[in-house]
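Below: the structure, in structure tokens.
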Number of protein chains: 2
Amino acid sequence: MKVNSALDLAAAVRGRRHDLGLSQADLAERAGVSRVWIATVEAGKRSVNFGLVLRLLGALDLKMDISSSRNLSDVFKGAKDAPTPRNLSDVSKGTPVNLDSILEGYRE
Amino acid sequence: MKVNSALDLAAAVRGRRHDLGLSQADLAERAGVSRVWIATVEAGKRSVNFGLVLRLLGALDLKMDISSSRNLSDVFKGAKDAPTPRNLSDVSKGTPVNLDSILEGYRE
DNA sequence: TATGATTGTCAACGTACGCAGACAAGACAA
DNA sequence: TTGTCTTGTCTGCGTACGTTGACAATCATA
């Protein structure tokens, strides 16, 4: 999930926390932060501590990636003039992809 | 690039800034922050403002993603017992991949 | 040499972050 | 109903963040 704003972070955190069946208090203890701070993050406050966000993501088994903001179209180098596919059904079988670009997102 | 710590953020920022040929002062003006703060981020300080980090990444044409911290091995569902490939040369041609999992990282 | 650009670092200052503790509202089950 | 759990929000408080302005060290170039 792309994070353009603090609201995106909020959605990712709350969604993942619900998936794990955790309360704000549970997550706060896991991550070593206060429950109020969790509520603050989930409310979309922008000026929160970046280091604490990393700890929070770790407690949620989420990872943060930073990469060049290129388009998905870079991955499908074979279909030059085709519109950027957004759904799997838009991609025909056998379409060549740039595997290097894909692997980059998975490196430790 | 996976961001596990503030030092990873520092490396991503400095590397990208150098690629763009920008000075700290240039980048500070672009992102609307102080030059001292840029230097602080590039020094790997953890407790920096998350919202300002997002603005900084925007000024560097970088994007932040948050996703489940799954292994690369999930992508290669066809090679069950094979070790998780780390280099493109480790992946044999024709290996089936989980395209849904790949596309997820590119959604807006 | 001199000059300019870049970067690390410091001091001072206003602001607000994150904390503990508390309270109320809502949901749900016994 | 009562009790428990969850969440949003408020207080006060100590701390440190981010800013401006400045200085020195380094490097490259004229």
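Note: hydrogens, waters and symmetry copies are ignored here, and every other heavy atom, side chains too, is used. The sequence lines fix the lettering, A, B, ..., with proteins before strands; numbering per chain opens at 1. Here the structure is a predicted model, which is why all the values come from computation and not from measurement.
Distance, A:Gln24 CD to D:dT6 P: 10 Å, rounded to whole Å.
Side-chain atoms of B:Asp8 and B:Lys2, non-hydrogen and from C-beta on, never get closer than 4.5 Å to each other. A:Asp61 places a side-chain heavy atom less than 4.5 Å from the side chain of A:Arg16. Using a 4.5 Å heavy-atom threshold, the side chains of A:Leu56 and A:Trp37 count as touching.
The side chain of B:Arg17 lies closest to C:dT7, out of D:dT7, D:dG18, C:dT7.
For the pair B:Asn49 and B:Arg14, nearest-nucleotide mapping onto DNA chain C gives the more 5' position to B:Arg14.
No more than 12 heavy atoms of other residues, nucleotides or ligands lie within 6.0 Å of CZ in B:Arg30, so this atom counts as exposed by the packing criterion.
Sorted by residue number, the members of residues 25-46 of chain B with any non-hydrogen atom under 4.0 Å from DNA chain D read B:Val33, B:Ser34, B:Arg35, B:Val36, B:Trp37, B:Lys45.
Of the possible polar contacts, none joining the A:Arg35 side chain to the A:Gln24 backbone as a donor-acceptor pair under 3.5 Å is found.
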